[in-house]
Amino acid sequence: MASSPQDLFSAQDQRAAIESMFNAASLGIIISDSEGRIQQVNPFANKLFGYEEGELLGKKIEALVPQDLRAIHESHRRDFNHNPKTRSMGLGLDLFALKKDGTLLPVEISLTHYQRKGKREIVSFVSDITERKKIEAELKELNAMLEKKVGERTEELSQAFMELQQTNLNLQEEMEQRKQAEIEAQAAFERERELNELKSRFVSMASHEFRTPLSAILSSASLIARYHSPADQEKRTKHIDTIKASVHVLTNILNDFLSLDKLEKGKVENFPTSFDLDDFSKGLVEEVEALAKPGQRVIYTSGGGTEPVFLDKQLLRSVLLNLLSNAIKYSGIGMEIQFVARLEGPRLTIVVRDQGIGIPEVDQKHLFETFFRAKNAAAIQGTGLGLNIVKRSLDLMGGFIEFESVENQGSAFTVVLPQARNEP
Ligand code: ADP
């Protein structure tokens, strides 16, 4: 159990102890009466405020309060007298006391009170907080400086982050561009490769297809030169026919080149007119039968509507002549060729079917490429241009072509013109 000083000291001892504490305290102690008149000041308080011993006695406590706060201090003092309690003064406020030399001293004050001879006396404990204030101010400054530093650093970091993001964006853009360039380079390479492929196909086609008729012409011409007598007329005629046929072949090749060139350059226009499909088809049959091998027959049948079609005659002629002459060319002696046209509403479907050599499966996907020729067609005269011309012509007419083929069994080419009767 804690014991109070009364338990240990006599009254006299107590007084002596209090006096000694009062005198030796490193804390200002000022005792004033209820009117605020200073009764006692300990040495530390005198030193704190710059007064000589006894100089403050009898003065109003407001002598130690800055001028502009004296009135309010008096009213606080009266409040304290009405309701005295031990407490700190000006809690949460910065308190200043007035020194004798007129300067201000930052202080912390606690108040207490007691009764002596029936009168209230108030004790003020005054601590000099100059050092604490200084440290607080330094701390505040340090804090502000740190905050500023943190702010600056944050700014720097966000700047760096933004730059990084920008760099990232630039890098992404660069990568995109590189990718694009790669794609373009790849496409250019692809075009180059296709062109080379085309060139080599052309060279092999030209060397093959020109050489045969040219050498035929050469040998026939030199043989004709040898036949002088009228009796050789039959032989001469035979060689002249060979020359004519060879020239015909060369002319056809050149015509194919010209047609394709015109189509490629967009010089061919789709110019539809109205005409009778049956008459037109029968005319074509007659024309191609001149090319037929012995026993070959082209059988034309038509189905569906009998109304006139509205198409570009030249383009349709070129499409069907190519398909029919191929059917004849790639089928053997005595084979039948079916040529079927069917008009259903505005849609015209034409099928050319043969029982010829067919197209090897591996070659089928290249069939419409310029100069392409299937492997099994090498011994048969051709340029590899016809189907390309067919496809381009159908594109112009708004139609398309499909085919089915089995090697050694035959092929069927189907042309579809969805708007064959669409008169303006
Ligand atoms: P060409 O007949 O002058 O070679 P095309 O472009 O008309 O050129 O045909 C390309 C190739 O398609 C031919 O070389 C041939 O290999 C193949 N082909 C076309 N039509 C037929 C067909 N009816 N039967 C078999 N093969 C065909």
Side-chain angles (χ1 to χ4, degrees), residues 194 197-198 200-213 245-246 248-264 268 284-285 287-289 291-293 296-300 315-340 350-396 399-415:
E194 276 170 15
E197 166 92 19
L198 212 63
S200 72
R201 276 194 211 158
F202 172 77
V203 170
S204 81
M205 181 282 292
S207 61
H208 187 256
E209 297 308 314
F210 287 137
R211 186 173 303 175
T212 317
S246 301
H248 187 68
V249 166
L250 290 172
T251 312
N252 280 346
I253 293 173
L254 291 178
N255 282 342
D256 274 358
F257 278 145
L258 281 177
S259 309
L260 192 62
D261 187 55
K262 274 194 195 163
L263 280 162
E264 273 178 348
V268 183
L284 282 181
V285 173
E287 215 173 308
V288 293
E289 267 179 345
L291 310 170
K293 292 171 193 152
Q296 276 187 340
R297 279 201 323 136
V298 179
I299 299 163
Y300 171 72
L315 290 172
L316 186 63
R317 192 181 125 82
S318 152
V319 168
L320 297 178
L321 273 183
N322 266 304
L323 295 181
L324 289 167
S325 58
N326 277 351
I328 290 171
K329 198 162 67 169
Y330 296 112
S331 348
I333 294 167
M335 292 293 182
E336 211 169 70
I337 288 132
Q338 299 286 338
F339 172 21
V340 182
I350 299 172
V351 182
V352 176
R353 187 188 304 276
D354 65 52
Q355 300 159 313
I357 61 169
I359 301 147
E361 214 177 315
V362 281
D363 292 334
Q364 291 192 3
K365 60 176 179 292
H366 301 291
L367 214 63
F368 294 95
E369 292 170 13
T370 320
F371 299 123
F372 183 81
R373 307 207 65 217
K375 285 170 198 51
N376 62 343
I380 301 165
Q381 189 275 322
T383 56
L385 293 178
L387 287 182
N388 200 268
I389 292 171
V390 167
K391 193 178 176 308
R392 285 175 191 270
S393 305
L394 285 171
D395 284 347
L396 268 179
F400 59 91
I401 183 163
E402 290 167 344
F403 71 93
E404 278 176 19
S405 182
V406 179
E407 202 176 352
N408 297 321
Q409 286 187 27
S411 314
F413 286 82
T414 304
V415 167

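In listed order, ligands and their atoms are each counted from 1.
Scanning all protein heavy atoms for the shortest distance to atom 2 (O) of ligand 1 gives Y330 OH, 2.6 Å. Regarding atom 11 (C) of ligand 1, its nearest protein heavy-atom neighbour is F372 O, 3.7 Å. Counting protein heavy atoms only, atom 23 (N) of ligand 1 is closest to D354 OD2, 2.9 Å. Looking at atom 6 (O) of ligand 1, its nearest protein heavy atom turns out to be L387 N, 2.7 Å. The closest protein non-hydrogen atom to atom 4 (O) of ligand 1 is R373 NE, 2.6 Å. Closest to atom 20 (N) of ligand 1 among all protein heavy atoms lies N326 ND2, 3.4 Å.
Considering backbone and side-chain atoms together, T383 places an N or O closer than 3.5 Å to an N or O of ligand 1. The distance criterion of under 3.5 Å between nitrogen or oxygen atoms is not met by A377 with respect to ligand 1. Considering backbone and side-chain atoms alike, N388 places every N or O at 3.5 Å or more from each N or O of ligand 1. In terms of N/O distances under 3.5 Å, ligand 1 is not approached by I357.
F413 contributes atom CZ, which lies 6.5 Å from atom OG of S405 (distance to the nearest 0.5 angstrom). The CG atom of L387 lies 11.0 Å from the OG1 atom of T370; values are rounded to the nearest 0.5 Å. A distance of 4.5 Å separates CD1 in I350 from CG in L320, rounded to the nearest 0.5 Å.
With a 4.0 Å heavy-atom cut-off, ligand 1 is reached by the side chain of I359 but not by its N, CA, C or O.
Taking 4.0 Å as the cut-off, Q381 does not count as a neighbour of ligand 1 on heavy-atom distance. Residue L385 places a heavy atom under 4.0 Å from ligand 1. Look at G356 and you'll find every heavy atom at least 4.0 Å from all atoms of ligand 1.
In this structure the side chain of L323 reaches within 4.5 angstrom of the side chain of I401, judged on heavy atoms. At a threshold of 4.5 Å between non-hydrogen side-chain atoms, the residues I337 and I299 do not count as touching.
A search for side-chain contact (heavy atoms from CB on, under 4.5 Å) contacts involving S246 returns P213, A216, I217, T242, not counting sequence neighbours. Partners of A374 by side-chain contact (heavy atoms from CB on, under 4.5 Å), not counting sequence neighbours, listed by chain and number: I359, P360, D363, N376.
Close approach to L367 involves these atoms of ligand 1, each under 4.0 Å from a residue heavy atom: 12 (O), 17 (C). Taking every non-hydrogen atom of K329 and a distance limit under 4.0 Å, the qualifying atoms of ligand 1 come out as 1 (P), 2 (O), 3 (O). Distances below 4.0 Å separate heavy atoms of A374 from the following atoms of ligand 1: 14 (O), 16 (O). Against a heavy-atom cut-off of under 4.0 Å, G382 is close to the following atoms of ligand 1: 1 (P), 3 (O), 4 (O).
When all heavy atoms of V285 and V298 are compared, the closest pair comes out as CG1-O, 3.8 Å. Here the closest non-hydrogen pair linking Q381 and K329 is O-NZ, 3.1 Å. The minimum heavy-atom distance linking E336 with Q338 is given by the pair OE1-NE2, 3.2 Å. Scanning both residues, R201 and F372, for their nearest heavy atoms gives NH1-CB, 3.7 Å.
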